[in-house]
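First the structure, in the form of structure tokens, and then the observations on it.
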Amino acid sequence: MPLRADHLPMTPKALWEAVVRLRRDVNELRASRRLESAVIDTGGITAVGADGTRASLGAGASAALLASTGQPTETAPGSVGAAWNGAAASLRLTSPDVGSGSIVIVLDTTGLWQLGELWTALTMTSGWTAAGGAWQSPRLVRQVDGTVQLDGSAIPGTTTAGTQIATLPAGYRPAADHEYRVSGGSATSACDLFVKSTGAITINNISGTLTRISFSTIRFPLT
């Protein structure tokens, strides 16, 4: 509805300020209209806060919301993405600075059914390899309760006591050393696995002939 003449600003300064506000409102309206009709692709939209915090929104296969603290020690922003593992609806949260895994939350018609990281392959050393066949390959995952769970089976390489057979990646290593007794693949064989704060997993106290070991009983706190 048009303003009556007596509602208009009475001074040139007040009139100019009203024009500036109107111009700003028109520009914001035009921007919002362009955004409504725009296709957001992998370039996305990035918002940067006064403190350096930023968030980006992309589309397509790389759909993600990226968040950063802006701190110089940060190696990469965290991200929120969708469409994990072909699920109808999902949310994936990634924190590159604290490890290689991601927290995955998946929603479908049954509700929330996955909460935790994706599994990461465990690096074997000293000639030790995945058992293969129907056996799960060695892997590990960081749980939401602050523990790390190992899984999978391996066949021996070097079996001398004290040999390092696997290495935990940074972000998956315990604050203190832990010891676990595991089967060696038969009723008469076994060994101890030492999981060390350095990330090394070594074998000790071997009995019988080792043919295959399982990591599935190994779970330890990070702190």
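A heavy-atom distance below 4.5 Å is not found between the side chains of Ile218 and His178. You'll find the side chain of Ile155 stays beyond 4.5 Å of the side chain of Trp135, heavy atoms only. The shortest distance between side-chain heavy atoms of Met124 and Thr129 does not fall below 4.5 Å.
Across every non-hydrogen atom of Leu140 and Pro169, the tightest pair is CD1-CD, 3.9 Å. The two atoms that bring Ser216 and Gln149 nearest to each other are O-NE2, 3.0 Å, heavy atoms only. Closest approach of Ser197 to Asp177, counting heavy atoms only: N-OD1, 2.8 Å. Of all non-hydrogen atoms in Ala166 and Thr125, the two that sit nearest each other are N-OG1, 3.4 Å. When all heavy atoms of Ser186 and Ser183 are compared, the closest pair comes out as O-OG, 3.7 Å. The minimum heavy-atom distance between Thr163 and Thr159, with the atom names listed, is OG1-C, 4.5 Å.
Distance CZ/Arg173 to OG1/Thr167: 7.5 Å, rounded to 0.5 Å. Taking OG1 from Thr217 and CG from Asp151, the interatomic distance works out to 10.0 Å, rounded to the nearest 0.5 Å. Going from atom CG of Leu168 over to atom CG of Leu122 covers 6.5 Å, rounded to the nearest 0.5 Å. Between Leu210 atom CG and Cys191 atom SG the span is 5.0 Å, to the nearest 0.5 Å. Between the OG atom in Ser126 and the CD1 atom in Ile201 there is a gap of 11.5 Å [rounded to 0.5 Å]. The line from CG of Asp192 to CZ of Arg181 is 4.5 Å long, rounded to the nearest 0.5 Å.
Residue Phe215 is tested with Val195, Val182, Leu193 for a side-chain contact (heavy atoms from CB on, under 4.5 Å); the sole match is Leu193.
The side chain to side chain contact (heavy atoms under 4.5 Å, CB included) check on Thr223 picks up nothing, with sequence neighbours excluded.
A donor-acceptor pair under 3.5 Å is absent between the side-chain atoms of Asn204 and the main chain of Ala161, judged by distance alone. In this structure, the side chain of Tyr180 engages the main chain of Arg219 through a donor-acceptor pair within 3.5 Å. Remark: the backbone N or O of Gly171 is paired with a side-chain donor or acceptor of Arg142 at under 3.5 angstrom.
Val148 and Phe194 are not part of a single hydrophobic cluster, where members link through side-chain heavy atoms under 4.5 Å apart.
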